[in-house]
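Here the structure is laid out as structure tokens; the discussion comes afterwards.
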Amino acid sequence: MTLKLYNTLTRCKQTFVPLEPGHVKMYYCGVTVYDYCHLGHARACIIWDIARRYLSWRGYTVRYVQNFTDIDDKILNRAKAEGSSMQAVSERFIQAYFEDMARLNVMEADEYPRATHTLDGIKRLIHDLEQKGYAYPASGDVYYSVRAFHNYGQLSGRKLEDMQVGAGGRTEVTDTDDPEAPKKKDPFDFALWKAAKPGEPAWDSAWGAGRPGWHIECSAMVRDRLGDTIDIHAGGNDLIFPHHENEIAQSEPVTGKPLANYWLHNGMVNVAGQKMSKSLGNFTTIRNLLDSGLNPMALRLFILQAHYRKPIDFTDEAIASSQNSWETLKEGLLFGYKFGHSLGWIDTKDSSFGDPAAMRIDADSELVQRFQTAMDDDLNTSGGVAVLFEMAKELRKTGNILTHAGKTDTDSQSLRQQWQTLVVLAQVLGLEAKQTEETPSTTSPVPEKIEALIEQRAAEKKAKNFAAADRIRDQLKAQGIVLVDKPGGLTEWHLE
RNA sequence: GGCGGCAUAGCCAAGUGGUAAGGCAGAGGUCUGCAAAACCUCCAUCCCCCAGUUCGAAUCUGGGUGCCGCCUCCA
């Protein structure tokens with residue numbers, strides 16, 4: 001079986017073949033750190049986290065690099081508004097980023113280059129572009145000459161003559177507010193270097209003090225950290241044009257090589273059918289969402305239910321559905337912790353128990369194969385999740401039978417295999433159930449007391465004082481203790 | 001104006017030529033004093049519309065309709 005990925009550059013699904021067998025160089029265009037991350041960022045981060053996890057699971061050694069854009073007008077504006085500095089603002093939101101991602105169980109990248117740490121590489125690249133005739137200085141700024149690059153538009157599939165300048169509605173052709181407009185030879189040219197403005201951070205350069213434009217940092221970081229050509233370049237589909245188009249234009253004339261072999265783009269998160277974005281004001285931050293009680297794994301499921309290239313709609317109903325879905329999956333994932341001991345598994349107390357890295361599963365089993373087939377098809381996560389649910393429901397059922405009947409017909413080792421397969425595959429999607437989620441720390445119930453109450457309830461039932469019997473049941477329920485009446489007048493209890 | 005995408009049950013969603021995965025929600029039954037839990041069962045003759053190709057179409061082709069994204073802030 002081969003992994004196929006949809007490549008924006010070629011507009012089709014292609015068999016993934018890395019530059020170097022067994023190794024993958026992957027770069028994800030990360031966030032501009034001027035505010036807390038919202039659900040849209042969560043989607044991108046989770047999807048590329050899963051791409052990376054899946055590649056690793058498929059046996060590749062993945063080198064995963066993600067940048068932080070920490071030089072930007074929006075960061076500066078925020079710093080000004082707060083009477084703070086650009087550095088202080090970006091540090092704060094980088095910290096917040098790490099906090100949010102840890103909660104979402106997004107693995108850390110191998111490296112997190114920042115624009116402010118890549119100035120040498122940026123200046124070198126601009127210098128090379130200038131030497132080769134792709135860039136020109138203009139009163140302290142340096143611009144990229146779009147018409148000098150014949151392949152311009154290859155990624156986004158557009159021609160310069162077909163594009164409307166300012167169609168995005170933010171700049172107008174004759175806009176006098178755009179101070180760069182008169183300096184550009186062509187309206188489509190973009191800034192590689194911006195001359196310093198008074199009171200703003202600036203770095204020395206051959207063109208005078210200033211700061212880099214937005215697109216150049218990614219070209220420079222990829223080159224510095226991963227080399228001239230990488231395997232996978234990922235990001236939101238709103239970055240295809242101009243950001244990724246410009247990255248190609250900046251890198252390829254200098255190196256003479258493709259910047260990336262596979263360009264992968266995720267779809268947007270929508271609210272009421274429209275893209276979630278800062279400018280529309282319809283965004284929800286990750287931390288707000290999680291602080292309001294949404295389980296991070298439920299949020300993952302929300303994102304995984306749809307294919308990564310399609311838009312997904314953020315609604316209360318969808319979130320509630322994901323929350324309930326997670327409860328189902330979680331029961332399957334916790335099976336080993338709840339029943340392993342009673343099934344005679346001897347290692348349930350070991351520190352490595354439940355660790356997917358220590359588990360060996362049957363890679364040829366039908367379920368694993370189905371999972372892999374789905375994921376091999378351009379990361380069809382919703383197909384993969386379906387396999388997880390089938391396994392989780394089966395385990396939940398067995399667990400329920402164990403709770404209610406005390407025994408099961410399925411043999412212990414086979415159950416162990418089923419459980420481990422679920423845990424391992426869930427881990428590939430970054431879905432993990434913490435054992436601690438299960439046990440409420442509020443009250444540790446005293447078994448003798450409960451037994452006494454159960455006996456008391458049985459007596460009340462016998463005397464047909466059902467109201468009194470129900471009060472006892474409700475009282476225990478409030479403490480998280482669920483009573484199970486079984487045939488023959490027996491009552492058992494377990495924690496919720 | 002240019003480029004691209006999407007349309008499948010009450011909701012979300014996979015499936016891209018062989019007769020509709022999965023999730024959420026819902027219904028009936030068993031059990032029960034009633035519940036809860038559990039167990040069993042059910043839940044799209046059909047995939048936006050029209051025409052065509054084919055033995056066979058949700059899937060391919062042509063034409064519509066509707067919605068969305070990008071066109072120098074963007075994940």
Side-chain angles (χ1 to χ4, degrees), chain A residues 8 11 28-32 34 37-48 72-74 146 153 156-171 178 180 187-191 213-215 234-243 245-246 265-270 273-279 301-302 304-307 309-313 315 317-318 320-326 328-329 370 374 377 380-390 393 396-397 399-401 403-405 461 464 466-467 469-470 473-474 477 482-487 492 494 496:
Chain A
T8 305
R11 279 151 214 284
Y28 159 50
C29 265
V31 294
T32 303
Y34 72 104
C37 288
H38 59 62
L39 191 52
H41 300 112
R43 183 182 196 190
C45 294
I46 286 172
I47 279 300
W48 305 125
D72 175 84
D73 284 339
K74 291 187 290 300
V146 162
S156 54
R158 48 190 91 200
K159 300 179 179 115
L160 288 174
E161 52 270 28
D162 290 338
M163 288 194 287
Q164 278 183 10
V165 171
R170 289 180 302 281
T171 54
D178 180 7
E180 293 175 356
F188 291 110
D189 290 351
F190 56 90
W214 172 37
H215 315 293
N237 69 11
D238 52 351
L239 296 183
I240 295 171
F241 190 90
H243 186 57
E245 194 70 72
N246 290 353
H265 293 98
N266 64 274
M268 300 291 102
V269 174
N270 288 174
Q274 280 195 308
K275 177 180 168 178
M276 176 178 286
S277 73
K278 299 267 172 169
S279 45
L301 275 180
F302 165 68
L304 290 173
Q305 70 176 332
H307 185 85
R309 283 191 283 117
K310 284 195 179 180
I312 46 172
D313 225 36
T315 60
E317 202 178 4
S321 169
S322 300
Q323 190 84 270
N324 288 336
S325 301
W326 170 242
T328 299
L329 200 52
R370 274 173 56 204
D377 183 14
N380 181 350
T381 52
S382 97
V385 166
V387 176
L388 260 51
F389 271 101
E390 284 180 40
K393 288 215 151 181
R396 179 175 71 170
K397 195 161 116 183
N400 286 331
I401 289 169
T403 302
H404 286 261
K461 275 170 75 176
K464 304 233 183 279
F466 296 121
D470 289 351
R473 185 170 66 195
D474 293 343
K477 171 97 170 128
V482 180
L483 298 188
V484 182
D485 287 339
K486 299 167 92 167
E492 291 195 348
H494 62 90
E496 212 163 10

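Here the structure is a predicted model, which means the values were calculated and not measured.
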May I ask you to evaluate whether A:His41 reaches the phosphate of B:A75, defined as a side-chain N or O under 4.0 Å from OP1 or OP2?
yes
Using atom P of each nucleotide, how far apart are B:A25 and B:C11 to the nearest Å?
16 Å
Please report the distance separating the C1' of B:C67 from the corresponding atom of B:G26, rounded so that it comes out in whole Å.
28 Å
Taking the C1' atom in each of B:C3 and B:U45, what is the distance between them to the nearest angstrom?
39 Å
With heavy atoms under 4.0 Å as the rule, sort A:Gly235 into base, sugar-phosphate or nothing.
sugar-phosphate
Got a sec: does the NZ of A:Lys159 have more than 12 other heavy atoms crowding it under 6.0 Å?
no
From the set B:G2, B:A21, B:A75, return the single nucleotide nearest to any side-chain atom of A:Glu390.
B:A21
Pairing partner of B:A38 (Watson-Crick or G-U wobble, both distances under 3.5 Å)
B:U30
Just to confirm, is there a sub-4.0 Å distance from OP1 or OP2 of B:C24 to any side-chain nitrogen or oxygen of A:Lys393?
yes
Are A:Lys397 and B:C40 close enough that a side-chain N or O sits under 4.0 Å from OP1 or OP2?
yes
Salt-bridged, A:Arg370 to A:Glu390, with N to O below 4.0 Å?
yes
Under 3.5 Å: donor-acceptor pair, side chain of A:Ser322, backbone of A:Ala318:
yes
Quick one: is B:C74 close enough that its OP1 or OP2 comes under 4.0 Å of any side-chain N or O from A:Trp214?
yes
Who does B:C60 pair with, Watson-Crick or G-U, both distances under 3.5 Å?
B:G52
Any side-chain heavy atom of A:Glu245 within less than 4.5 Å of one from A:Phe190?
no
Ring centres within less than 5.5 Å and planes less than 30° apart: is that true of A:Phe466 and B:G33 in this structure?
yes
Regarding the side chain of A:Asp470, the nearest nucleotide among B:C34, B:A75, B:C71 is B:C34
Please state how far atom CG in A:Leu304 lies from atom P in B:G23, giving the value in whole angstrom units.
15 Å
Atom P, compared across B:U65 and B:C49: separation rounded to whole Å
15 Å
Do you know the tightest heavy-atom contact between A:Thr381 and A:Ala306?
OG1-O, 3.4 Å
Expressed as a whole number of angstroms, how long is the span from A:Lys275:NZ to B:C74:P?
9 Å
Tell me what A:Asp377 touches on the nucleic acid: a base, only sugar-phosphate, or nothing, going by heavy atoms under 4.0 Å.
sugar-phosphate
Do any N or O atoms from the side chain of A:Asn266 and from the backbone of A:Gly236 form a donor-acceptor pair under 3.5 angstrom?
yes
Considering only side-chain heavy atoms of A:Asn400, which listed nucleotide, B:A38, B:A21, B:A75, is closest?
B:A38
Between A:Trp214 and A:His243, what is the ring plane arrangement, given parallel below 30°, perpendicular above 60°, and tilted in between?
parallel
Distance between P atoms of B:U53 and B:U59 (Å, rounded)
15 Å
So that I can tick it off, tell me whether A:Lys477 and A:Asp474 are bridged by a salt bridge, with the cut-off set at under 4.0 angstrom between side-chain N and carboxylate O.
no
Using every non-hydrogen atom in the two residues, find where A:Val146 and A:Phe188 come nearest and quote the distance to one decimal.
CG2-O, 3.2 Å
Specify the separation, in whole Å, of atom CG of A:Asp238 and atom P of B:G69.
11 Å
Does OP1 or OP2 of B:C74 have a side-chain N or O of A:Lys74 closer than 4.0 Å?
no
Give me the distance, rounded to whole Å, that separates B:A7 from B:G17 when you measure between the P atoms they each carry.
16 Å
Taking the minimum atom-to-atom distance to the side chain of A:His307, which one of B:C24, B:C71, B:A14 wins?
B:A14
Of the listed nucleotides B:A35, B:C39, B:C71, the one nearest the side chain of A:Arg473
B:A35
With sugar-phosphate meaning primed atoms plus P, OP1 and OP2, does A:Gly153 contact a base, only sugar-phosphate, or nothing at under 4.0 Å between heavy atoms?
nothing
Identify the nucleotide, in any strand shown, that forms a Watson-Crick or G-U wobble pair with B:G69, with both distances under 3.5 Å; if there is none, say none.
B:C3
Would you tabulate the pairs of protein nitrogen or oxygen atoms and nucleotide nitrogen or oxygen atoms of nucleotides 4-10 of chain B closer than 3.5 angstrom?
unit_1, atom_1, unit_2, atom_2, d
B:A7, OP1, A:Lys310, NZ, 3.2

Check every strand shown and say whether A:Asn324 touches a base, only sugar-phosphate, or nothing at a heavy-atom separation below 4.0 Å.
sugar-phosphate
What is the distance from CZ of A:Phe241 to P of B:G2, rounded to the nearest Å?
17 Å
Between B:U72 atom C1' and A:Phe188 atom CZ, what is the distance in whole Å?
9 Å
Is there a side-chain contact between A:Thr328 and the phosphate of B:C24, meaning an N or O under 4.0 Å from OP1 or OP2?
yes
